[in-house]
2 protein chains.
Amino acid sequence: MEIPPVVIDRLPLYARALAGLEATGREVVSSQELGHQLNVTPAQIRKDLSYFGRFGKQGRGYNVRKLLEELRGILGLNRQWRMTLVGTGRLGRAILGYEGFGPQGFRIVETFDSDPEWVGKEINGLTIKNTADLEEVLRASPVDVGIVAVPAETAQSVIDRLVECGVQAILNYAPIAAHVPPSVHIKRIDPVLALQGMTYYLKAAAAPRK
Amino acid sequence: MEIPPVVIDRLPLYARALAGLEATGREVVSSQELGHQLNVTPAQIRKDLSYFGRFGKQGRGYNVRKLLEELRGILGLNRQWRMTLVGTGRLGRAILGYEGFGPQGFRIVETFDSDPEWVGKEINGLTIKNTADLEEVLRASPVDVGIVAVPAETAQSVIDRLVECGVQAILNYAPIAAHVPPSVHIKRIDPVLALQGMTYYLKAAAAPRK
DNA sequence: ATCTGTGAAGCACTTCACAGCG
DNA sequence: CGCTGTGAAGTGCTTCACAGAT
């Protein structure tokens with residue numbers, strides 16, 4: 001069956017909430033309660049889950065541990081995912097230092113920069129390699145995900161090369177709308193776009209200028 | 001007229017592409033070319049713009065400078081927006097150092113932390129204030145946007161307090177689904193969710209484990 | 001001849017509403 | 001009796017297709 005992409009995007013949200021509930025020792029949860037916690041309608045949650053199976057018990061709700069395990073299986077969260085970071089500028093180094101990836105099974109195992117000043121240096125236990133050697137390094141040490149944190153001008157070419165290396169998922173921090181073949185998944189992390197999408201609604205009620 | 005939210009989210013994308021074209025001296029662009037650059041159908045672009053007016057010339061396309069100016073006006077990108085950052089941990093400090101906000105008119109003018117170790121210290125020319133004094137500080141120095149970079153446990157309470165201070169837009173880096181009144185706009189920046197939404201598609205074709 | 005602006009058609013996602021099970 | 005699972009109805013967004021402007 002073909003699952004709507006929006007559904008896939010909500011599953012990690014459910015998984016995270018369930019992990020929180022499990023940590024508190026909660027055993028059962030209803031779609032109503034989960035929905036309230038996540039700002040999602042209960043019907044939406046039930047419909048989303050119904051694409052994958054029947055995980056609940058009528059009259060009771062969902063077993064927290066069991067549903068979490070199911071979602072982890074569906075999303076592939078039970079594995080370790082190998083990632084490469086390209087670009088070790090300010091932003092790239094912040095990504096390298098981000099503590100949020102590891103606990104969720106995402107590990108940066110290779111990192112690249114094109115500045116000779118940085119190549120060979122070590123950050124967080126990783127030696128920065130030369131972007132020129134990307135293909136060679138990734139051939140010996142394949143990764144599942146590419147993280148792009150290079151300037152806008154070089155981002156598309158870096159993405160092309162990652163795709164050429166067989167990388168199927170890319171997290172793009174560069175402010176460009178990248179082109180990738182249909183088989184490759186790419187998501188943009190772009191705080192400026194997020195802000196600009198909100199200012200539209202603020203125009204009328206802007207805080208007094210100082 | 002009520003504009004679909006997805007339309008608003010695409011406008012900043014158009015504005016960015018137009019700014020790029022303007023920088024190269026381009027005077028006219030068609031919906032076809034813009035769409036090709038951004039992976040958006042030409043019809044979508046024309047429809048989106050038609051919510052706000054008739055900016056193009058039939059047979060020719062859109063004047064780059066004029067359309068960009070229109071979009072800036074619609075989105076409120078011609079102003080300076082005052083922001084506050086709450087949380088100066090690793091992530092918060094990276095946000096403070098991010099060079100992408102300033103050129104787009106977004107300026108962090110107040111920053112807070114609850115750790116006495118950090119309060120009073122100066123980063124990037126900003127003195128870190130005590131989160132306990134949030135209300136007092138923002139009363140004297142109101143902001144348009146709040147950026148939340150505190151741990152998950154305290155994020156909701158910080159968001160509540162920002163809302164109480166009249167902040168109408170929030171950029172949330174904490175891994176929680178926050179609750180805000182309908183009048184407040186909030187967007188999540190969450191690379192882990194983004195990754196988890198892609199691994200679903202990778203499960204089948206994962207790179208060989210090392 | 002070309003490209004916009006736009007009603008109308010089409011598609012995708014969300015919500016409803018209720019049968020059925022625990 | 002409560003809560004799931006799910007067809008069917010409803011909603012909102014996208015794409016089509018073409019009249020009309022230059």
Side-chain angles (χ1 to χ4, degrees), chain A residues 1-15 17-18 21 26-71 74 177 182 185 197 200-201, chain B residues 1-14 17-18 21 26-71 74 177 182 197 200-201:
Chain A
M1 204 201 325
E2 205 46 73
I3 317 273
V6 271
V7 172
I8 302 299
D9 282 339
R10 275 191 299 265
L11 298 185
L13 218 59
Y14 303 160
L18 288 165
L21 288 168
R26 204 39 158 12
E27 294 201 342
V28 173
V29 69
S30 66
S31 60
Q32 174 143 110
E33 186 181 352
L34 202 56
H36 179 76
Q37 196 174 125
L38 295 171
N39 299 321
V40 173
T41 65
Q44 178 109 81
I45 293 178
R46 296 200 302 274
K47 181 61 119 178
D48 286 353
L49 296 177
S50 78
Y51 284 103
F52 300 94
R54 303 145 57 96
F55 306 126
K57 275 205 171 47
Q58 281 141 327
R60 268 176 57 76
Y62 300 88
N63 177 292
V64 171
R65 188 189 315 256
K66 174 164 165 282
L67 182 54
L68 178 54
E69 212 37 57
E70 291 283 359
L71 288 175
I74 292 163
H185 295 268
Y200 168 77
Y201 301 100
Chain B
M1 204 202 321
E2 205 48 72
I3 317 272
V6 269
V7 172
I8 302 300
D9 282 340
R10 275 190 299 265
L11 297 185
L13 217 60
Y14 304 160
L18 289 164
L21 288 168
R26 206 35 159 16
E27 293 202 342
V28 172
V29 69
S30 66
S31 60
Q32 175 142 108
E33 185 181 352
L34 202 55
H36 180 76
Q37 196 174 124
L38 295 171
N39 299 320
V40 173
T41 65
Q44 179 109 79
I45 294 179
R46 296 200 302 276
K47 182 61 120 179
D48 286 353
L49 297 176
S50 78
Y51 284 103
F52 300 94
R54 302 146 56 93
F55 306 125
K57 273 204 172 48
Q58 280 144 326
R60 265 175 62 72
Y62 300 89
N63 177 291
V64 171
R65 188 190 314 257
K66 174 163 165 284
L67 182 54
L68 177 55
E69 212 36 59
E70 290 283 359
L71 287 176
I74 292 163
Y200 169 77
Y201 300 100

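Quick caveat: nothing in here was measured; it's all calculated off a predicted structure. Every chain is numbered from 1, with letters handed out A, B, ... down the list of sequences.
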D/dT4 P sits how many Å from A/Tyr14 OH, rounded?
13 Å
Describe, in one word, how the ring planes of A/Tyr200 and B/Phe52 are oriented to each other, choosing from parallel (under 30°), tilted (30 to 60°) and perpendicular (over 60°).
perpendicular
Worked check of side chain to side chain contact (heavy atoms under 4.5 Å, CB included) between B/Gln37 and B/Tyr14
CA-CA 10 Å; B/Gln37 196 174 124; B/Tyr14 304 160; over 6 Å; no
Within the supplied structure, the quantity of interest is the number of heavy atoms (other residues, nucleotides, ligands) at a distance under 6.0 Å from B/Lys66 NZ; does it exceed 12?
yes
NZ of B/Lys66 versus C1' of C/dT4: gap in Å, rounded?
12 Å
At under 4.0 Å between heavy atoms, how does the protein contact nucleotides 5-14 of chain D? Give one character per nucleotide, 5' to 3', with B, S or -.
BBBB----SS
Below 4.0 angstrom from OP1 or OP2 of D/dT4, is there any side-chain N or O of A/Ser31?
yes
Please check if the number of heavy atoms outside A/Gln32 that lie under 6.0 Å from its CD is greater than 12.
no
Quick one, A/Tyr51 and A/Pro4 - any side-chain contact, counting heavy atoms below 4.5 Å?
yes
Expressed as a whole number of angstroms, how long is the span from B/Glu33:CD to C/dT4:C1'?
15 Å
Electrostatic pair A/Arg26:A/Glu33 at N-O distance under 4.0 angstrom:
yes
Can you tell me how far C1' of D/dC16 sits from CD of B/Gln32, to the nearest Å?
15 Å
Return the value, rounded to whole Å, for the distance between atom CD1 of A/Ile45 and atom C1' of C/dC16.
16 Å
